[in-house]
Structures are given as C-alpha cells and as structure tokens.
Amino acid sequence: MLKASYYLNSDVVFLARDLIGKTLCTNINNKLTCGIITETEAYAGVDDKASHAYGGRRTARTETMYSKGGVSYVYLCYGIHKLFNIVTNKEGIPHAILIRAIYPTAGLEEILKRRHAEKLTKNLCVGPGKVTEALGINLLHNNVSLNGEEIWLRDDNIKINKNDIQTGPRIGVDYAGFDATLPYRFYTTNYNF
DNA sequence: CGTACGATCTGCT
DNA sequence: GCAGATCGTACGA
C-alpha cells in the first residue's frame, strides 16, 4: 500500500505523472477489484482555473479538497457520473488528481458486471465515469482514507518507460482559459489493445 | 428560491 | 460527429 506520506508531496503535477502505473484497488460490497492507473489529470489548487477550488472557493462540496493528502474526493458530474480524485498536499492546500482510466487486473468478473459488459475491451475502464462504475465507487466514498479498508493504492513495481507516458491538455475544461492549455494530463498507451 | 451548467457517456446517424 | 440524459452544486436575487 502506498504510505500516507506519499500523498503529502506538494508537487501535484509530479504526482499525477508518478501515479501512472500504480495500482488502484477497492474492496466494496465485499468484492475486490483492482486496476493499473493509465490516465490522470492534475488539479493544482487555488491558482488553477480548472480546479473546483480556484480562487480559494470553499464550499460543502470542495471542502474535501482542503483535507490532508491521502483521502478521496468523489463528486457528481453532469448529474450522472461519479468522478474519483486523490487529494494531495498538506491540509489546507486543495490539490487533487483525477483518475481518468485504469486497466483491470483483479476482480474482472465483478468489473464486467458493474459495467454491464461481456468482456474486457479497449474502452471498458477508460473515462473517469467508467473508472468509478467499474470499481464500485459512489458518492458515499467521498473523503475516505486511501489507507483504509475500502480504497487504497499499491505499487506493484510495474515498469513504464518515460517515453511511454504521454502529456496533454486536460479534457472538458475549455472554460478555464489559459489553464485549459496546461499539460496536466498524463496517460500511457502501454495498455491499449 | 430559481436557474444555469458541468473535470461525461452512450447511442444513433 | 452530435444531441440527450440527469441532478447536485454554486451563486445571485
């Protein structure tokens, strides 16, 4: 399990890249499901126009982002999709990393059931709404420890060459002006097929 | 209290 | 490629 101090790093962009290749696991409804993280996006606090915490915005929803690093931030998007983020940095600084895609490595049968799918395909768990659906994460899993029983991360020492990690602008944040162009999205194509 | 809109996905064309 | 689904959140009146 990634130790609690891992999430206290103040460089959220570094962490977003570092998380590529780590394993995200959940044990929800007594079902163990895991996947290798293949796509992330960094949301860099109060100065980042694309972040919910831009300008220091502090509301019932965004309060989770101000927690000490190492907890989940789950919220509803477009009224339909639950999006899972990892809160980082010390308490009071609202950094978060959105998990956009995983490659299933455990509990595939349960993942397929949750995704209403027959078999593992390229896009089964690609897209932030699909990740939460596959892992059984819902709004009740907001602000829970990532060193707990239900959700945690693991370093399985999976090797991904630096050249195999791509960078690009974040998705769906056109409203953020210049910040929408920042290369805060990281992904690897190693698990495409 | 009213209302506009979003860190998306799917199905149909 | 595009529209529709669908509802909590944020913010202004």
Side-chain angles (χ1 to χ4, degrees), chain A residues 7 11-20 22 24 33 35 37-67 69 71-89 93-104 111-144 146 151 153 165-188 192:
Chain A
Y7 304 101
D11 189 343
V12 69
V13 178
F14 167 83
L15 281 179
R17 177 190 282 269
D18 193 64
L19 282 170
I20 301 291
K22 298 288 192 289
L24 173 61
T33 49
I37 295 171
T38 59
E39 185 176 352
T40 63
E41 279 178 6
Y43 286 85
V46 299
D47 298 320
D48 180 357
K49 234 177 170 176
S51 169
H52 291 162
Y54 174 65
R57 185 165 50 197
R58 200 156 181 158
T59 65
R61 176 175 67 150
T62 66
E63 191 60 29
T64 303
M65 295 183 78
Y66 292 84
S67 298
V71 300
S72 62
Y73 172 43
V74 183
Y75 70 94
L76 186 69
C77 186
Y78 294 101
I80 305 170
H81 306 288
K82 296 115 196 160
L83 271 57
F84 172 77
N85 300 251
I86 293 170
V87 174
T88 67
N89 211 330
I93 302 191
H95 284 181
I97 299 166
L98 172 67
I99 305 301
R100 295 190 54 87
I102 61 170
Y103 178 84
I111 288 175
L112 289 172
K113 199 186 294 180
R114 287 172 178 158
R115 292 278 301 118
H116 312 286
E118 300 282 318
K119 59 189 174 82
L120 178 60
T121 58
K122 182 180 174 182
N123 291 322
L124 186 70
C125 302
V126 175
K130 297 182 190 173
V131 170
T132 54
E133 189 170 56
L135 296 179
I137 295 171
N138 59 61
L139 296 178
L140 295 175
H141 298 105
N142 179 44
N143 206 4
V144 304
L146 300 179
I151 309 176
L153 281 87
I165 299 181
Q166 322 283 327
T167 306
R170 292 170 291 183
I171 306 292
V173 296
D174 294 344
Y175 59 86
F178 172 76
D179 288 343
T181 69
L182 293 171
Y184 282 3
R185 171 172 172 249
F186 301 96
Y187 56 101
T188 177
N192 283 359

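All figures in this text were calculated on a predicted structure; none of them were measured in a lab. Chain identifiers are assigned alphabetically (A, B, ...) following the order of the sequence lines, protein sequences preceding nucleic acid strands; residue numbering begins at 1 within each chain. Every heavy atom of this structure was used, including side-chain atoms; hydrogens, water molecules and symmetry mates were not.
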### Message
Let's test this: given Watson-Crick or G-U wobble pairing with both distances under 3.5 Å, identify the partner of C:dT6.
### Response
none

### Task
Using both distances under 3.5 Å as the test, list the Watson-Crick or G-U wobble partner of C:dG12, or none.
B:dC1

Phosphate-side-chain proximity, [X] and [N], N/O vs OP1/OP2 below 4.0 Å:
X: A:His52; N: C:dT9; value: no
X: A:Tyr75; N: B:dG6; value: no
X: A:Thr59; N: C:dT9; value: no
X: A:Arg100; N: B:dT8; value: yes

### Query
So, is the end of the A:Arg58 side chain (NZ or CZ) under 6.0 Å from the ring centre of A:Tyr66 and within 45° of the ring's axis?
yes

So [X], base contact, sugar-phosphate only, or nothing? Heavy-atom distance under 4.0 Å.
X: A:Arg61; result: sugar-phosphate
X: A:Arg115; result: sugar-phosphate
X: A:Ile80; result: base

### Query
Among B:dT8, C:dG8, B:dA7, which is the nearest nucleotide to the side chain of A:Tyr78?
B:dT8

## Note on the structure
Side-chain atoms of A:His81 come closest, of B:dT8, C:dA10, C:dA5, to B:dT8

Grab the [atom1]-[atom2] distance between [X] and [N] for me, whole Å please.
X: A:Arg57; N: B:dG6; atom1: CZ; atom2: C1'; answer: 11 Å
X: A:Leu76; N: B:dT8; atom1: CG; atom2: P; answer: 12 Å
X: A:Tyr175; N: C:dT9; atom1: OH; atom2: C1'; answer: 13 Å
X: A:Leu98; N: B:dT8; atom1: CG; atom2: C1'; answer: 11 Å
X: A:Glu63; N: C:dT9; atom1: CD; atom2: P; answer: 14 Å
X: A:Lys122; N: B:dC9; atom1: NZ; atom2: C1'; answer: 16 Å
X: A:Leu139; N: C:dT6; atom1: CG; atom2: C1'; answer: 13 Å
X: A:Glu39; N: B:dT8; atom1: CD; atom2: P; answer: 10 Å

### Task
Could you check A:Phe84 against A:Lys130 and say which one's nearest nucleotide on DNA chain B is further toward the 5' end?
A:Phe84

Please answer whether the main-chain N or O of [Y] pairs with a side-chain N or O of [X] as donor and acceptor at a distance below 3.5 Å.
X: A:Ser72; Y: A:Asn143; answer: yes
X: A:Arg170; Y: A:Asp179; answer: yes
X: A:Arg115; Y: A:Glu133; answer: no
X: A:Glu41; Y: A:Ile171; answer: yes

